[in-house]
Amino acid sequence: MSNKSIKAIKGTFDILPSETPLWTHIEEVSRKTFEQYGFEEMRTPVFEATELFVRSIGEVTDIVQKEMYTFTDPGERSLTLRPEGTAPVVRAYLEHRIHVNQPFVKYYYIGPMFRRERPQAGRTRQFHQVGVEAIGSDSPGVDVETIALAYRLFVQLGIDDVSIRLNSVGCKPCKENYSGLLRKFLKPRISELCNDCKQRIDRNVFRVLDCKETACRKVVAEAPSILDSLCKPCSEHFDEVCKLLENIDVPVNIDPRLVRGLDYYTRTVFELNHSALGAKDAVGAGGRYDNLIEEMGGPAKPAIGFAIGLERTIMILKKKGADKVSSDKDKVYLISLGQYAFELNFKLLEKLRRCGINASMDPEPRSTKAQMRAADRIGAAIAIIRGDREIEEGVVMLRDMRKGNEDTIRKDNVIDKLLEKLQGEN
RNA sequence: GUGGGUGUAGCUCAGUUGGUUAGAGCAUCUGACUGUGGCUCAGAGGGUCGGGGGUUCGAAUCCCCUCACUCACCCCA
């Protein structure tokens, strides 16, 4: 390929018509499932003030430090393409003062996110997420509803073998206590840890728990559990979450080593994993963020949410061979033998479309064979064939492309006959 | 940011120790079938062999540089 041609930029990709039905299917299933659970759609801009993400995600996180698409607009404002969906929703929630008359709200969003990472399987620079945020309650029931929804969504998509990891990182004091304990535990064993983890002890201790190096895992296996460091309210909250989850048969594995990358998480955190994805196998994740809204200058409103990655969901569906979605409405193809027939068909084409029938025809009257092939290729249910013979008799021929039989009918009855046939099949 | 791998037709890929007009399958178009798709058969179109430089009588093949893509690590969904 010539390197002069303009190509989609690294980490982005086109979704061609052969793939769009799968994407719209996932979006439709998501919308339907979210609305069953009482969530409403929120749409926010794809770019925001940079400050929004710096404050919410956390200044020292990798996302903010090196992965954001940040630019200065001609008005000298620093803007950033959203790297995740929670902060914008929270911003909109506060900006419209929704808490004033709606103490508890449930939102969902669907759309592209942007992070400048090195692309690889299941990770692109423009990627797509669907997610939810439930704002205004710290009831364990909301945690459970949210986790159940995440699980349900995958089941609805035909993925019933996700595994769910669940943990609680506690409230702020719990987190601080535990990070102290963990440091105290790790410092004497620092020589046993990998180089990355040696630095993590000071920068972000929790991440040591997540390390995949076997040496680190060995050390971590004996580390104190965060669940033992929770304060009484956090501990009771977590127990209640676990109990309720059991009641409704959502399978979770409690994993005291589960931590999240974003700073704002508190208490319940969870991750949905699938074996088809390999080492980094998260397809969805979320958790509580009880302090974020207050930290963003709003009222003290506890909240919880999650997001799932669509590219990864599609990877799973493809590996399962479940990525073929049923085709839409039946189509009709008009075949013209000769110029005059072509003109008559062109008139009929528009009439059919006005009746709500999906109809198309060749842009020019080619050979019968070529037009038949075209009809076959688009998967037409019915071909309307018209040539000099039919014109002379005032009829058209309807060919059922699946059965292979043909009917000759009067041209004035075409639409009624078509509607009848198409309806009979659907 | 780090480390591997791969670049030949729209797609998937062959291409021998360097050898002259660069191949196959799929896809597309045309025909066999002068008005009928899927199957079969025949034919056609489609390539600056990623780019640049070097070695050589001769380079897709060997050397150097470069670009792109890809997988993994880091981190995240």
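Throughout, protein chains are lettered first and strands after them, A, B, ... in sequence-line order, and every chain is numbered starting at 1.
A close approach under 4.0 Å does occur between a side-chain nitrogen or oxygen of A:Lys369 and OP1 or OP2 of B:G37. Within the structure, every side-chain polar atom (N or O) of A:Arg373 is placed at least 4.0 Å from both OP1 and OP2 of B:U36. Regarding contacts with the backbone of B:C29, a side-chain N or O of A:Arg377 is found under 4.0 angstrom from either OP1 or OP2. At B:U70, none of the side-chain N or O atoms of A:Gln120 fall inside 4.0 Å of OP1 or OP2 (strictly under the cut-off).
Looking at heavy-atom distances under 4.0 Å, A:Phe127 makes contact with a base. Here A:Arg389 lies in heavy-atom contact (under 4.0 Å) with a base. A:Lys66 comes within 4.0 angstrom of no nucleic acid atom, judged by non-hydrogen atoms across all strands.
By the 4.5 Å heavy-atom criterion applied to side chains, A:Met361 and A:Ile335 are not counted as neighbours.
For A:Arg118, the side-chain atoms get nearest to B:U2 when compared with the rest of B:U36, B:A77, B:U2. Closest to the A:Ala121 side chain, of the nucleotides B:C71, B:G37, B:G35, is B:C71. Counting only heavy atoms from C-beta on, A:Met397 has its side chain closest to B:U36 among B:A77, B:A72, B:U36.
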Result block: side-chain N/O donor-acceptor pairs under 3.5 angstrom for residues 32-42 of chain A, not counting sequence neighbours:
from: A:Thr33; atom 1: OG1; to: A:Val29; atom 2: O; distance (Å): 2.7
from: A:Glu35; atom 1: OE2; to: A:Tyr108; atom 2: OH; distance (Å): 2.7
from: A:Glu41; atom 1: OE1; to: A:Arg31; atom 2: NE; distance (Å): 3.2
from: A:Glu41; atom 1: OE2; to: A:Arg31; atom 2: NH2; distance (Å): 3.0
from: A:Glu41; atom 1: OE2; to: A:Arg43; atom 2: NE; distance (Å): 3.1

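For the pair A:Ala285 and A:Asp388, both in contact range of RNA chain B, the more 5′-proximal nearest nucleotide belongs to A:Asp388. Nearest-nucleotide assignment on RNA chain B puts the 5′-proximal partner with A:Thr368, out of A:Thr368 and A:Cys211.
Stretches of at least 3 consecutive Watson-Crick or G-U wobble pairs, with each checked distance under 3.5 Å, appear in RNA chain B as B:1-7 with B:67-73, B:10-13 with B:23-26, B:28-32 with B:40-44, B:50-54 with B:62-66.
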